[in-house]
Amino acid sequence: MPTSKFKFSHLPPYVKIMKIGSQFNSLVVLLFGLLLFLVASLGVRKGDWKAITEKVASGENIGECDFFSGQWVYDDMAYPLYRERQCRFMSDQSACEKFGRSDLVYQKWRWQPDGCNLPRFDGARLLEKLRGKRMVFVGDSLNRNQWISMVCLLDTSTDGSNKAMETHGNLMSFKLKDFNASVDFYWSPLLVESNSDHPVVHRVPDRIVRAHSIEKHAKHWTDADILVFNTYLWWRRRNMKVLWGSFKEDDGVYKEIESIRGYELAIKAWSDWLEFHINRTKTELFFMSMSPTHSSGDEWGTESGHNCYNETLPILQDGYWGEGSDPRYMHVVETTIQELNEKGVHVKFLNITQLSEYRKDGHPSVFRKQWDPLTEEQLKNSSSYADCIHWCLPGVPDVWNQILFAHIFS
């Protein structure tokens, strides 16, 4: 039998809550005991004592913590962090409850890192950090999924209606006018220029990238104060056609190469741009690792041909890793970021892949807006049009943003 670190199974809700609470209380007692010892032995000033106690109360970690290794704990006292209907800017692609999903257990899982606590998201604190600034998520629809999560977390954290959503081509901007702040998403699924760059019409059978060209996109986000990148999903094919030249000219050179090689070229172009164009004293840089899919049920022990459709609980196997997550791509990014850091360009790699691998229950499946009319064949087989790529909100991307929040304030 595979091992499991998940805390839910057959326990009734009130027992689960007591268990969670008792563990937390014990930890708090130990931490405050340690703090009292520090005060007595080191003579902590009154102002420092206040700062430290506030840090413990918020769940922040005074030392280093690996937020990416842990377990999902059912916690219907503290989760979800917001209600779907409370978010005025929710996307129909993620509004699973609106489109008929009635089992809402997927909203009530808390990520518990091993040996420490993940700070609870504090929207008011982040908004003060963003006052007069610009935060931009750059990438594909999974990064847009995370951006919508961030929009909802901030929207439901503050009162007032002085907020607006604006769209200009590839750029979508959530304006928080009381803070003179903007939280944006820029559609660039392969980071570099490609024939899939149109924000609406981007599904093309013959995908082509200009692997050395990033200026077209970068000029829209280079001035940001916080940048959050991702790219993986659109590279998930055996080969990719690369163009040396311009889409507007006929004399370009095309070559079909392995996708992983094209990915290396694209990440190199991204890296070079950051090295020579980013303001190192101003801009905070983050890169999100790949978001897993759950399209093959035989990978987690169910019948062949099954996917995330009708899944209501996480995968129990500790360390589960699906075939759709290719670690070679992660290695490319990690190696590149290490080289950038050595050059003084500091990028934080947020590895959300493993914690998300467990959550086969968190996808929209059939509970989202269908942009195209369903065929008769699809209607006969609901799992055939299940979305097992993106995520319901509230849900898994909220945890990604909790981790991002923790690193912004670390």
Side-chain angles (χ1 to χ4, degrees), residues 64-69 134-140 142-143 146 186-194 197 209-237 239-244 255 257-292 321 325-356 400 403-410:
E64 291 296 320
C65 175
D66 179 7
F67 291 129
F68 311 114
S69 176
R134 183 181 181 221
M135 180 181 193
V136 186
F137 290 79
V138 180
D140 60 24
L142 276 310
N143 221 18
Q146 184 178 358
Y186 184 84
W187 171 259
S188 179
L190 296 125
L191 287 187
V192 292
E193 187 178 349
S194 76
D197 287 342
V209 297
R210 292 184 66 203
H212 297 286
S213 176
I214 197 171
E215 296 90 345
K216 172 187 170 183
H217 299 312
K219 65 184 180 182
H220 295 284
W221 45 254
T222 299
D223 67 337
D225 299 276
I226 300 176
L227 281 166
V228 184
F229 298 96
N230 93 317
T231 185
Y232 171 69
L233 182 65
W234 286 64
W235 295 93
R236 269 184 35 178
R237 50 177 57 199
N239 295 319
M240 183 75 74
K241 187 175 286 187
V242 178
L243 165 64
W244 281 266
K255 185 174 182 179
I257 63 176
E258 280 188 276
S259 282
I260 184 66
R261 303 305 168 212
Y263 191 80
E264 290 171 349
L265 293 174
I267 294 299
K268 179 66 165 59
W270 167 81
S271 169
D272 288 345
W273 183 271
L274 294 185
E275 181 181 356
F276 295 107
H277 295 277
I278 284 295
N279 185 335
R280 305 183 186 190
T281 62
K282 168 191 172 183
T283 305
E284 295 182 68
L285 301 167
F286 300 90
F287 198 106
M288 309 301 296
S289 70
M290 64 189 101
S291 172
W321 189 275
S325 300
D326 190 335
R328 295 179 302 162
Y329 290 81
M330 187 180 295
H331 178 69
V332 170
V333 176
E334 287 181 307
T335 301
T336 303
I337 287 176
Q338 182 178 350
E339 293 170 354
L340 276 172
N341 288 338
E342 291 171 355
K343 296 174 182 177
V345 182
H346 299 292
V347 184
K348 292 182 180 178
F349 183 67
L350 304 189
N351 186 355
I352 49 84
T353 305
Q354 181 65 80
L355 68 91
S356 306
W400 303 349
I403 293 173
L404 176 61
F405 171 86
H407 280 276
I408 288 173
F409 286 100
S410 64

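If you're wondering where the values come from, they're calculated on a predicted model, not measured in any experiment.
Counting heavy atoms from C-beta on, the side chains of L285 and H346 never come closer than 4.5 Å. Annotation: side chain of S194 is not in contact with side chain of W234 (no heavy-atom distance under 4.5 Å). Between V345 and R280, the closest side-chain pair of non-hydrogen atoms falls below 4.5 Å. For the pair H212/L265, a side-chain contact is recorded, criterion being any heavy-atom separation below 4.5 Å from C-beta on.
The aromatic rings of F286 and H407 lie perpendicular to each other, with more than 60° between the two planes, well past the 30° mark. Aromatic ring orientation, H277 versus W273: parallel (interplanar angle below 30°, classes split at 30° and 60°).
Side-chain N/O atoms of S356 and S291 include no donor and acceptor closer than 3.5 Å. Residues T231 and W235 have side chains that bring a donor and an acceptor to within less than 3.5 angstrom of each other.
Closest non-hydrogen pair, V138 versus S188, comes out as CG1-CB, 4.2 Å. Contact detail for E284 and I408: the closest heavy-atom pair is OE1-O, 3.9 Å. Closest heavy-atom contact between V192 and A269: CG1-CB, 4.0 Å. Shown here for Y232 and Y263, the closest heavy-atom pair between the two residues is CA-CE1, 4.5 Å. Heavy atoms only, all atoms of each residue included: N230 and L191 are closest at O-CD2, 3.8 Å.
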Q: Decide yes or no on ring pair (Phe, Tyr, Trp, His ring centres under 6.0 Å) for F229 and W270, but give the supporting numbers first.
A: CA-CA 10 Å; F229 298 96; W270 167 81; 5.4 Å; yes
Q.
Assess the residue pair D225 and M135 against the criterion (side-chain contact (heavy atoms from CB on, under 4.5 Å)); give the C-alpha distance rounded to whole Å, side-chain angles, the decisive distance to 0.1 Å, and a yes or no.
A. CA-CA 6 Å; D225 299 276; M135 180 181 193; over 6 Å; no
Q: Show your working on side-chain contact (heavy atoms from CB on, under 4.5 Å) between T335 and H331 and close with a plain yes or no.
A: CA-CA 6 Å; T335 301; H331 178 69; 3.4 Å; yes
**Q.** Stepwise side-chain contact (heavy atoms from CB on, under 4.5 Å) test for I257 and N239
**A.** CA-CA 5 Å; I257 63 176; N239 295 319; over 6 Å; no
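From M290, atom CE reaches atom CZ of R236 across 10.0 Å, with rounding to the nearest 0.5 Å. Here the CG-OG1 distance, from D223 to T283, works out to 8.0 Å after rounding to the nearest 0.5 Å. For the atom pair CE of M288 and OG1 of T353, the computed distance is 9.0 Å after rounding to the nearest 0.5 Å. Rounding to the nearest 0.5 Å places CZ of F287 at 8.5 Å from CG of N143. Residue L274 holds its CG atom at 7.0 Å from CD1 of I214, rounded to the nearest 0.5 Å. With values rounded to the nearest 0.5 angstrom, I226 atom CD1 is found 15.0 Å from W221 atom CH2.
With T336 contributing its side chain and I267 its backbone, the two residues share no donor-acceptor pair below 3.5 Å. Between the side chain of Y186 and the backbone N or O of A218 there is no donor-acceptor pair closer than 3.5 Å. In this structure a side-chain-to-backbone donor-acceptor pair under 3.5 Å is missing from K268 to A211. Formation of a donor-acceptor pair under 3.5 Å by the N351 side chain with backbone atoms of F68 is not found in this model.
By the salt bridge (charged side-chain N to carboxylate O under 4.0 Å, His left out) test, K216 pairs with D197, sequence neighbours left out. A search for side chain to side chain donor-acceptor pair (under 3.5 Å) contacts involving W187 returns nothing, not counting sequence neighbours.
Sorted by first then second residue, the salt bridge (charged side-chain N to carboxylate O under 4.0 Å, His left out) pairs that include residues 329-344, not counting sequence neighbours, are E275-K343.
Atom NZ of K348 has more than 12 neighbouring heavy atoms from other residues, nucleotides or ligands inside a 6.0 Å radius.
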